**Student:** 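My questions all concern the structure below.
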Amino acid sequence: MHMLSVRPAFISTVLVLLVVAGCTVTQEPEVRLVLINGKIVTADSLMPAAEALAVAGDTIVAVGSTEKVSAMIGAETRVIDLEGRLAVPGFIEGHGHYMGLGEARRILDLTAVKSWDEIVEMVREAAAEAEPGEWVTGRGWHQEKWESVPVGSVEGVPTHHELSDASPENPVLLGHASGHAAFANRAAMREAGVSPETPNPSGGEIIRDARGELTGLFRETAAGLIEAALAQSRARMTPEERDAERREQARLAAEECLSKGITSFHDAGVGFETVRFYRMLADEGALPVRLYVMIRSSSERLAENLADHRMVGYGNNFLTVRSVKRSIDGALGSHGAWLLAPYSDKPESIGLQTVDSDEIARTAVVALRHGFQVNIHAIGDKANREVLDIFERAYATTDEGSDLRWRIEHAQHLSADDIPRFGALGVIASMQGVHATSDGPWVYRRLGEERAEEGAYVWQKLWQSGAVVTNGTDAPVEDVDPIASFYATVSRRLSDGSIFYEDQRLTREQTLVSYTINNAYAAFEEDLKGSLTPGKLADIVVLSRDILTVPEEEIRNAEVLYTIVGGDVLYEKLP
């Protein structure tokens, strides 16, 4: 991988489209990259398939036959012979956490563990290598994926005692796979000043056992009590240490994305400080992946700061900041999703509303005033209905209507009555295909068969409602790999071989659209990226297998051979 050199966002010459013998071309400067002899699927209905394309500057200037494009090859042109392989628009991660993706590679990876004992042993080893008092952190555990429920568990999750014995002097904080709960040991709770008498914060729960003792599990906003203690510890870092850490996180995130064919990334919720950090990287030409950033903050702070942080196409189209992100509920896996009726496996609970509806509505008003898109995390059916109601009231105050392109992030469980509202209102369903198959084995327990079939991960129902449906992974909640999410979306096949509501699968063509041009549309960037069209940015991925035609099970075996951003080959799989 090499760093991206800065080039003008658009070639200064006027783009004049020509169609010559089946080859769409533009009048451009010298061609520097050509792909020939391939199957190029453009995601552009005007020319859906081709054999070759050419790039000048950072822009596609020709798409057509190998014969016609080869005529454009010059002395300095790099030629990649695809040998029949598939090239598609660069994948756009529709909802992820960029810095979190980088951080996940620096801490304990708990995504593949099969038991609580395995986690305890990983923490024991990490604590033995840590400095006295140094925090041990990790992310990715999910109790539903363990082979058995540990003895003495409360609500299916063990108590902290074994973890506390494994790390008696080092505070431990382990994030749930969903990002909506965390587990702490005794040292972490002590450092945070949390006791059995500590009240639940608004929108969160401190889980206690039958005697009222702390179990170590903190759900939704309650996890912030422990996170605040961790942040206080980290505040002792020098500015130089903090800058080095952030740069390493960004580097690791870019490396992960490019190796998996991701050329653009919708970063779903960062603070103003991170936006300024991204701007600094863009100024240095050090953003190899294009970022579409959502700012997460209170409506009051958004009102004070949005105007100073708006950027569209900044740094040669590598940084855009024109949306805000809020959350109204938690996650289904941690019983935090806000439901219309109680959980089937926790009948005393309908989940949690994590932010007051009036505050979400105030955020919508602030966003309208500053011309920002509004993107709200909503997973439960009650949460989705509440957000749709807020959006509908806000839309009534403006003439822009559906072109606001406001989004509901996740839209995982819906009431049948609310599904048509997405298409009718023009609300984008920003979903993650891999969540359906990752969560599928336990969704029935949370919702029951009837509710799960009615509204759980209803991709095709939303698509048929006329809604724009997008795709992603919510990384690092899931692996950022688009191929895995593509496979999950078209197969909905669970680990046991069963299919999670077959009628809600998308076709392969729909799925490619959800990962390319639909994600571009969801960021107001469909004129810039999302299809392999002359005049658009040359963001391209080449795959080892044709995921549009190979037998379904072989989709997962596809590998990224080249990731091209703005005409630069930033990842190339070596033989």
Side-chain angles (χ1 to χ4, degrees), residues 92-104 139 175-182 203-204 220-221 223-224 227-228 231 246 249-250 253 257 262 264-279 289-303 305-306 309-311 319-331 334 336-337 352-356 359-360 362-364 366-367 370 372-379 383-384 387 390 405-412 428-432 435 470 472-478 480 519 522-523:
I92 301 174
E93 168 58 55
H95 177 113
H97 304 276
Y98 195 70
M99 297 296 281
L101 177 61
E103 176 63 11
R139 177 174 179 145
H176 191 267
S178 66
H180 290 269
E220 301 301 342
T221 61
E227 291 165 354
R246 291 192 305 178
Q249 290 171 342
C257 288
I262 297 165
S264 289
F265 193 106
H266 294 192
D267 196 356
V270 304
F272 292 106
E273 181 183 359
T274 302
V275 171
R276 293 190 289 271
F277 172 66
Y278 288 158
R279 182 165 55 194
V289 175
R290 304 186 197 278
L291 298 182
Y292 181 78
V293 179
M294 311 173 200
I295 300 177
R296 188 204 303 265
S297 193
S298 67
S299 58
E300 182 179 4
R301 290 203 66 220
L302 290 170
N305 294 283
L306 279 187
H309 291 80
R310 180 183 174 93
M311 287 170 275
L319 179 60
T320 289
V321 184
R322 55 152 304 167
S323 62
V324 298
K325 161 82 180 299
R326 301 300 303 269
S327 297
I328 200 168
D329 73 340
S334 59
L352 294 165
Q353 180 180 12
T354 57
V355 176
D356 185 76
E359 168 64 5
I360 299 293
R362 284 192 289 271
T363 293
V366 171
H370 291 275
F372 271 63
Q373 182 188 49
V374 178
N375 305 329
I376 307 296
H377 162 118
I379 288 181
N384 276 274
V387 174
I390 291 169
R405 305 189 194 184
W406 287 7
R407 299 163 43 162
I408 291 184
E409 306 298 317
H410 309 305
Q412 282 183 6
I428 294 168
S430 174
M431 305 180 75
Q432 298 76 44
H435 277 341
T470 66
T473 64
D474 201 11
V477 174
E478 306 278 2
V480 76
N519 272 334

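In this text the structure is predicted, and so the values were computed from the model without any measurement. Values below: every heavy atom of this structure, side chains too, minus hydrogens, waters and symmetry copies.
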**Student:** Can you tell me how far CZ of Arg246 sits from CD of Gln249, rounded to the nearest 0.5 angstrom?
**Tutor:**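 Spacing of CD (Gln249) from CZ (Arg246) equals 9.0 Å.
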**Student:** Hey, does Leu306 have a side-chain heavy atom less than 4.5 Å from the side chain of Val324?
**Tutor:** yes
**Student:** Give, for atom CG of Asn375 and atom OG1 of Thr363, the distance between the pair rounded to the nearest 0.5 Å.
**Tutor:** 11.5 Å
**Student:** Would you say Val289 and Tyr98 make side-chain contact, with heavy atoms under 4.5 Å?
**Tutor:** yes
**Student:** So which heavy atom on Ala383 is nearest to which on Ile328, and how close?
**Tutor:** CB-CG2, 3.6 Å
**Student:** Side chains of His266 and Glu409: does their closest heavy-atom pair fall under 4.5 Å?
**Tutor:**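 Side-chain contact under 4.5 Å: no.
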**Student:** Just checking, any donor-acceptor pair under 3.5 angstrom between side chains of Arg296 and His377?
**Tutor:** no
**Student:** Do the ring centers of His95 and His435 come within less than 6.0 Å of each other?
**Tutor:** no
**Student:** Within this structure, what is the CG-CD1 distance for the pair Asn384 and Ile376, rounded to the nearest 0.5 Å?
**Tutor:** 11.0 Å
**Student:** Quick one: does Ser264's side chain have a donor or acceptor within less than 3.5 Å of a partner on Leu291's backbone?
**Tutor:** no
**Student:** Answer whether the closest heavy-atom distance between the side chains of Phe265 and Val480 falls below 4.5 Å.
**Tutor:**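 A side-chain contact exists here, since the closest heavy-atom pair is under 4.5 Å.
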**Student:** Search all heavy atoms of Arg326 against all heavy atoms of Ser299 and return the closest pair with its distance.
**Tutor:** NH1-N, 3.5 Å
**Student:** Starting at NE2 of His97, measure out to CG of Asp267 and round the result to the nearest 0.5 Å.
**Tutor:**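 The CG atom of Asp267 is 7.5 Å from NE2 of His97, to the nearest 0.5 Å.
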**Student:** Which heavy atom in Ala303 sits nearest to a heavy atom in His370, and how many Å separate them?
**Tutor:** O-NE2, 3.8 Å
**Student:** Could you check whether Glu359 pairs with Arg362 (Lys NZ or Arg NE/NH1/NH2 to Asp/Glu carboxylate O, under 4.0 Å)?
**Tutor:** yes
**Student:** What are the two closest non-hydrogen atoms of His180 and Asp329, and how far apart are they?
**Tutor:**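 So the two residues come closest at CE1-O, 4.0 Å.
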**Student:** From Thr221 OG1 over to Leu352 CG, what is the distance, rounded to the nearest 0.5 angstrom?
**Tutor:** 7.5 Å
**Student:** Is a salt bridge present between Arg139 and Glu103, judged by a nitrogen-to-oxygen distance below 4.0 Å?
**Tutor:**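 Salt bridge between Arg139 and Glu103, a charged N being under 4.0 Å from a carboxylate O: no.
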**Student:** Using side-chain heavy atoms (C-beta onward) and a distance below 4.5 Å, is Trp406 in contact with Gln373?
**Tutor:** yes
**Student:** Minimum heavy-atom separation for Phe372 to Ser323, with atom names?
**Tutor:** CD2-N, 3.3 Å
**Student:** State which residue, out of Gln412, Glu93, His410, fulfils the side-chain hydrogen bond (donor to acceptor under 3.5 Å, both in side chains) condition with Gln432.
**Tutor:**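 Exactly one candidate clears the test, His410.
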**Student:** With a 3.5 Å distance limit and no angle check, can you tell me whether His176 reaches the backbone of Ser178 through a side-chain donor-acceptor pair?
**Tutor:**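 Present.
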**Student:** Hey, are the side chains of Tyr278 and Met99 touching, using non-hydrogen atoms and a 4.5 Å cut-off?
**Tutor:**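 The answer is yes, as the side chains (C-beta and beyond) meet within the 4.5 Å cut-off.
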**Student:** Is any side-chain heavy atom of Leu101 less than 4.5 Å from a side-chain heavy atom of Cys257?
**Tutor:**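 Yes, at least one pair of side-chain atoms sits under 4.5 Å.
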**Student:** Enter the distance from Arg407:CZ to Lys325:NZ here, rounded to the nearest 0.5 Å.
**Tutor:**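 Separation between the atoms: 9.5 Å.
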**Student:** If we ignore hydrogens and angles and just use 3.5 Å, is the side chain of Glu478 paired with the main-chain N or O of Ala177 as donor and acceptor?
**Tutor:**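 Here the side-chain-to-backbone pair does not exist.
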**Student:** Mind listing the closest non-hydrogen atom pair of Ala337 and Ile379 along with its distance?
**Tutor:** CB-CG2, 3.7 Å
